[in-house]
Amino acid sequence: MKKIIVDNGQDFDFGKTSAEYAKYRDIYPQELYDRIYALGVGKAGTNWLDLGTGTGVIPRGLASYGANITATDISADQIKQAVALSKSFDNIEYKICSAEEMNEPDNSFDVITACQCFWYFDPEIIVPKIRKMIKPNGMFMKLYMGNLKDDPIASQSYGLVKKLNPNWVGGSVAVKDLTTHYFDKPKMENFVIDLPFTRESWHGRVKASRGVLASMDKETLQQFEVKHYKFMETLPEHFFVKHKVFLTYYYISK
């Protein structure tokens, strides 16, 4: 099991994106929540672990159904935002720790999920831990949602990110991870959705990405702000950007 190298080894810190992440990254469509709930994520009476939870978007989206949710992230800043956004729920427990540091008892969880993050983990450590923590025939799911490369707005925005931050490789690491299987009998699904944005929300969405706030220095970030705002001025106030949702999941026997 070999860890996927991200952005040619360039440093990044999602803690730097926390404010923007909390404000602009809660964009998952209802179709996603409906599908993963139908597969068993978030069901009442189940124990669910969400790894790399960020600001807790996915747990919050299904918390009202009544699962017992544990959500973890390595970033204290991300968890701080997650806790603040989850005050209306008493069934989510947030923990500041890396996925590799998780040390729950054997057979603790019916479902374990990792949304937009599994490629950041060390598979030699996390894969055996998932197998240990999940109940017999429990489900592990990797989720990813990214814009389509041929969407004209996304191609302009992320083309600018790539120009200013050439080490950034976008969603290619996610696609590679989704087809890298550490468990048997993978099941894979995907669908395309048009997501609505305003100029502000799209700028915030792009800014909160790994290639911008998480890794750019101040000078480069300033260049991005100026150039991307200039591009935003060419767009209508309301528009749609095509995204594709990917699910890869496994029922893990002991």
For the residue pair T53 / D50, report whether a side-chain donor-acceptor contact shorter than 3.5 Å exists. yes

Can you tell me if S86 and Y94 form a side-chain donor-acceptor pair at under 3.5 Å? yes

Using a cut-off of 6.0 Å, state whether more than 12 heavy atoms not belonging to D184 lie near its atom CG. no

Any chance the side chains of N165 and Q10 put a donor and an acceptor closer than 3.5 Å? yes

Any chance you could measure L39, atom CG, to L247, atom CG, to the nearest 0.5 Å? 7.0 Å

Parallel, tilted or perpendicular: which one describes the rings of W202 and F239, with boundaries at 30° and 60°? perpendicular

Transitively linked via ILVMFWY side-chain contacts under 4.5 Å: Y21 with V212? no

When you look at NZ of K162, are more than 12 heavy atoms from neighbouring residues, nucleotides or ligands closer to it than 6.0 Å? yes

For the aromatic rings, using the six-membered ring if either is Trp, is the centroid distance between Y250 and H181 under 6.0 Å? yes

If we only count heavy atoms from C-beta on, is the H238 to F197 side-chain gap below 4.5 Å? no

Single hit among N91, T113, T70 for side-chain hydrogen bond (donor to acceptor under 3.5 Å, both in side chains) with W48: T113

Closest heavy-atom pair, W168 versus G211, reported as atoms and distance to 0.1 Å, is CD1-CA, 3.3 Å

Would a distance-only check, ignoring hydrogens and angles, find a side-chain to backbone donor-acceptor pair under 3.5 Å from S108 to E104? no

Is V241 reachable from Y24 through a run of hydrophobic residues whose side-chain heavy atoms are each under 4.5 Å from the next? no

Separation between CD of E189 and CZ of R35, rounded to the nearest 0.5 Å: 4.0 Å

Taking the side chain from K142 and the backbone from Y249, do they hold a donor-acceptor pair closer than 3.5 Å? no

So which of Q81, Q78, K23 actually passes side-chain hydrogen bond (donor to acceptor under 3.5 Å, both in side chains) with S18? Q78

Please answer: with hydrophobic residues joined when any side-chain heavy atoms are less than 4.5 Å apart, are F240 and V245 in the same cluster? no

Above 12 or not: heavy atoms from other molecules or residues under 6.0 Å from NZ of K242? no

Between F140 and Y182, is there a side-chain heavy-atom distance shorter than 4.5 Å? no

Can you hop from I69 to M102 via hydrophobic side chains spaced under 4.5 Å? no

Would you call E20-R205 a salt bridge at under 4.0 Å N-O? no

Tell me, with the steps shown, if E101 and K129 meet salt bridge (Lys or Arg N to Asp or Glu O under 4.0 Å). CA-CA 9 Å; E101 292 173 330; K129 288 203 171 190; over 6 Å; no

If you take all heavy atoms of A214 and T17, which pair is closest and at what distance? N-CG2, 3.5 Å

Starting at CG of L143, measure out to CE of M141 and round the result to the nearest 0.5 Å. 5.5 Å

Is the Y158 to H228 ring centre distance short of 6.0 Å? no

F109 and F183: same hydrophobic cluster, using ILVMFWY side-chain contacts below 4.5 Å? yes

Main-chain N/O of A67 paired with T46 side-chain donor or acceptor, under 3.5 Å: no

Has R210 got a side-chain atom pairing as donor or acceptor with G170's backbone, closer than 3.5 angstrom? yes

For atom CG of L160, decide whether the heavy atoms of other residues, nucleotides or ligands shown that lie under 6.0 angstrom number more than 12. yes

Quick check against the 3.5 Å criterion: does E100 have a side-chain atom that pairs as donor or acceptor with the backbone of D122? yes

Run the salt bridge (Lys or Arg N to Asp or Glu O under 4.0 Å) test on K207 and E225 for me, step by step, so that the C-alpha distance in whole Å, both residues' side-chain angles and the decisive distance to 0.1 Å come before the verdict. CA-CA 8 Å; K207 187 177 175 181; E225 293 271 29; 2.5 Å; yes

D73 to G54 - nearest heavy-atom pair and separation: OD2-N, 2.8 Å

Would I252 and I112 count as a side chain to side chain contact (heavy atoms under 4.5 Å, CB included) here? Give the steps. CA-CA 11 Å; I252 302 174; I112 299 176; over 6 Å; no

Determine whether a donor-acceptor pair (N or O, by modelled atom type, separation under 3.5 Å) exists between the side chain of S75 and the backbone of F14. no

Any Lys/Arg nitrogen of D77 or K16 sitting under 4.0 Å from an Asp/Glu carboxylate oxygen of the other? no

Reported CD1-to-CG distance for the pair I134 and N47, which is rounded to 0.5 angstrom: 11.5 Å

For E219, is the CD atom crowded, meaning more than 12 foreign heavy atoms sit under 6.0 Å from it? no

Can you measure from CG (L195) to CG (N147) and round to the nearest 0.5 angstrom? 9.5 Å

Side-chain (R25) to main-chain (T55) donor-acceptor, under 3.5 angstrom: no

For W119 together with Y144, are the ring centres under 6.0 Å from each other? yes

